[in-house]
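Please read these numbers as outputs of a predicted model, since none were measured by experiment. We name chains A, B, ... by the order of the sequence lines, and we start the count at 1 in each one.
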Number of protein chains: 2
Amino acid sequence: MPRRNGTGPFWWRGRFKGCGYRLTIPRKAIVDVLDKANKHLSAEDIYLSAHKVYPAIGLTTIYRTLELLVQMGVVFKFASGDGRARYQLSAGPKAVKYHHQLVCTTCGRVIDYADFIDKEKELFSQTEKGLSEKYNFKILNRLVRFYGLCDECSQQRTVTSHKLQVTSHQSPERSKDC
Amino acid sequence: MPRRNGTGPFWWRGRFKGCGYRLTIPRKAIVDVLDKANKHLSAEDIYLSAHKVYPAIGLTTIYRTLELLVQMGVVFKFASGDGRARYQLSAGPKAVKYHHQLVCTTCGRVIDYADFIDKEKELFSQTEKGLSEKYNFKILNRLVRFYGLCDECSQQRTVTSHKLQVTSHQSPERSKDC
DNA sequence: TTGATAATGAAAACCATTATCAATATACAC
DNA sequence: GTGTATATTGATAATGGTTTTCATTATCAA
Ligand SMILES: [Mn+2]
Ligand SMILES: [Mn+2]
Ligand SMILES: [Zn+2]
Ligand SMILES: [Zn+2]
């Protein structure tokens with residue numbers, strides 16, 4: 001007989017009750033989607049998945065419940081480049097407390113990596129410790145984005161730059177930096 | 001007689017011309033605002049400032065020019081938590097190529113810090129070098145956000161939790177985590 | 001089971017950003 | 001300088017993710 005608290009499969013039920021919030025079918029469906037997906041999803045992603053198990057659910061409830069979960073500290077919300085926010089569980093057994101990405105500013109490609117290199121863990125461990133003390137700030141999550149040119153895009157700038165040439169005498173061909 | 005290229009006060013003029021873009025009054029005004037402010041601004045911030053020196057300017061031109069500058073690699077654009085994008089020069093003598101912030105998930109306060117603790121610069125340098133090689137990715141800018149509780153908000157949760165108590169028998173007082 | 005009230009969802013509102021398009025400014029040829 | 005091709009502008013409308021509104025429904029302690 002499994003325990004239904006702490007880190008068990010229904011750890012989040014206690015969170016709702018403990019906060020004085022009612023445990024409803026839409027809310028169960030939403031947390032369930034986040035728990036099973038175990039990666040960052042947009043509100044619409046969550047809506048589409050939850051809709052399958054509970055077709056009556058509305059997009060409004062998705063947004064409302066997500067905000068609630070963020071306030072409770074159960075979900076981490078962060079902005080992505082495409083104008084839609086992303087949400088992921090940041091509490092419970094499957095919690096992910098960091099997001100590290102390489103973002104190509106030319107094609108928009110996002111490389112979401114978790115296989116940190118040697119120096120990286122040390123870097124953030126030390127940095128977070130220093131910042132916590134210096135600013136008396138309790139760090140719970142982090143988002144790290146390196147912006148630049150992906151493999152393909154940086155090659156294209158040198159290899160296919162001639163494609164950008166224009167015949168008009170009024171438009172001098174754009175250099176490879178434009 | 002000062003040079004008007006490279007890192008001089010009008011370094012960005014050559015960028016426009018070199019890319020085949022015309023040098024217009026609205027464009028000058030926009031770059032000038034970014035150059036003088038030397039911190040990240042929203043499109044509206046830029047509009048309001050540029051409007052003072054060139055009242056005929058339209059918000060549309062602000063967005064269009066910013067996108068152009070981003071494509072040219074002169075401006076770095078990143079998402080802030082409030083739904084408005086921020087822009088800052090990332091080329092020229094005043095370029096800023098990184099943004100490090102502490103974001104309070106309770107009150108929304110943002111601490112924008114640049115006074116890096118010891119070792120931080122070196123570790124980022126090494127980390128970026130490692131990532132560049134591993135993913136063959138040319139890193140140009142970075143955004144680092146630590147999310148959590150600011151000084152005030154983490155104190156309030158313990159000190160004033162009694163304020164959250166509700167008299168209704170149906171609403172058990174929210175614990176300090178809600 | 002009942003009743004107070006928390007939660008829901010359809011619809012409308014909101015708001016930053018984009019697309020349209022007719023008018024204008026720029027820069028090159030002459 | 002003048003003329004001409006076209007890049008640029010800005011008012012306006014449209015877009016799309018997110019919030020607000022509000023009448024209806026579901027939850028849960030008693
Ligand atoms: Mn991620
Ligand atoms: Mn900054
Ligand atoms: Zn790319
Ligand atoms: Zn705070």
Under the criterion ring-ring contact (aromatic ring centres under 6.0 Å, His included), I'd like the reasoning laid out for Y98(B) against F116(B): C-alpha separation, chi angles, the key distance, then a yes or no.
CA-CA 11 Å; Y98(B) 46 78; F116(B) 301 130; 5.2 Å; yes

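Phosphate contact (OP1/OP2 of dT8(C), side-chain N/O of R27(A), threshold under 4.0 Å): present. The side chain of T24(B) contributes an N or O atom lying less than 4.0 Å from OP1 or OP2 of dT9(D).
Scanning residues 46-57 of chain A for heavy-atom distances under 4.0 Å to DNA chain C yields Y54(A), A56(A), I57(A).
When the P atom of dA7(C) is taken as reference, atom NZ of K28(A) falls 14 Å away, rounded to whole Å. Taking atom CG of residue L23(A) and atom P of nucleotide dA29(D), one finds them 11 Å apart after rounding to whole Å. Separating the OH atom of Y21(A) from the C1' atom of dA29(D) is a distance of 19 Å, rounded to the nearest angstrom. Here the P atom of nucleotide dT8(D) and the CG atom of L69(B) are 12 Å apart, to the nearest Å. The distance from atom CZ of R22(A) to atom C1' of dA26(D) is 8 Å, rounded to the nearest whole Å. When rounded to the nearest whole Å, the span between CD1 of I25(A) and C1' of dA26(D) equals 8 Å. As a whole-Å value, the separation of I62(A) CD1 from dG9(C) P is 8 Å. The interatomic distance linking E44(B) (CD) with dT17(C) (C1') rounds to 12 Å, in whole Å.
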Pairs under 3.5 angstrom, nitrogen or oxygen only, protein versus nucleotides 19-24 of chain D, please.
none

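At least one donor-acceptor pair closer than 3.5 Å links the side chain of S154(B) to the backbone N or O of D151(B). Checking side-chain atoms of K94(A) against main-chain N and O of D35(A) turns up a donor-acceptor pair under 3.5 Å.
You'll find the ring centres of F137(A) and F146(B) outside the 6.0 Å limit.
Counting only N and O atoms by type, the side chains of R142(B) and H100(B) include a donor and acceptor under 3.5 Å apart. A donor-acceptor contact under 3.5 angstrom links the side chains of H40(B) and D112(B), judged on distance only. A donor and an acceptor atom, one from each side chain of E67(B) and Q71(B), are nowhere located under 3.5 Å apart.
Residues G58(B) and D82(A) each lie close to DNA chain D; by heavy-atom proximity, the contact nearer the 5' end of the strand is made by G58(B). Residue whose closest nucleotide on DNA chain D sits further toward the 5' end, between S42(A) and P26(B): P26(B).
Taking the C1' atoms of five terminal pairs at each end of the helix from dT1(C)-dA30(D) to dC30(C)-dG1(D), the two resulting helix axes are inclined by 40°, rounded to 10°.
Rounded to the nearest 0.5 angstrom, K77(B) NZ and Y147(A) OH are separated by 10.0 Å. N136(B) contributes atom CG, which lies 9.5 Å from atom CD1 of I111(A) (distance to the nearest 0.5 angstrom).
Using bins of under 30°, 30° to 60° and over 60° for the plane-to-plane angle, the ring pair F124(A)/F124(B) lands in the perpendicular bin.
Remark: D45(B) does not engage R84(B) in a salt bridge, criterion side-chain N to carboxylate O under 4.0 Å.
At least one side-chain heavy atom of F16(A) sits under 4.5 Å from a side-chain heavy atom of L69(A).
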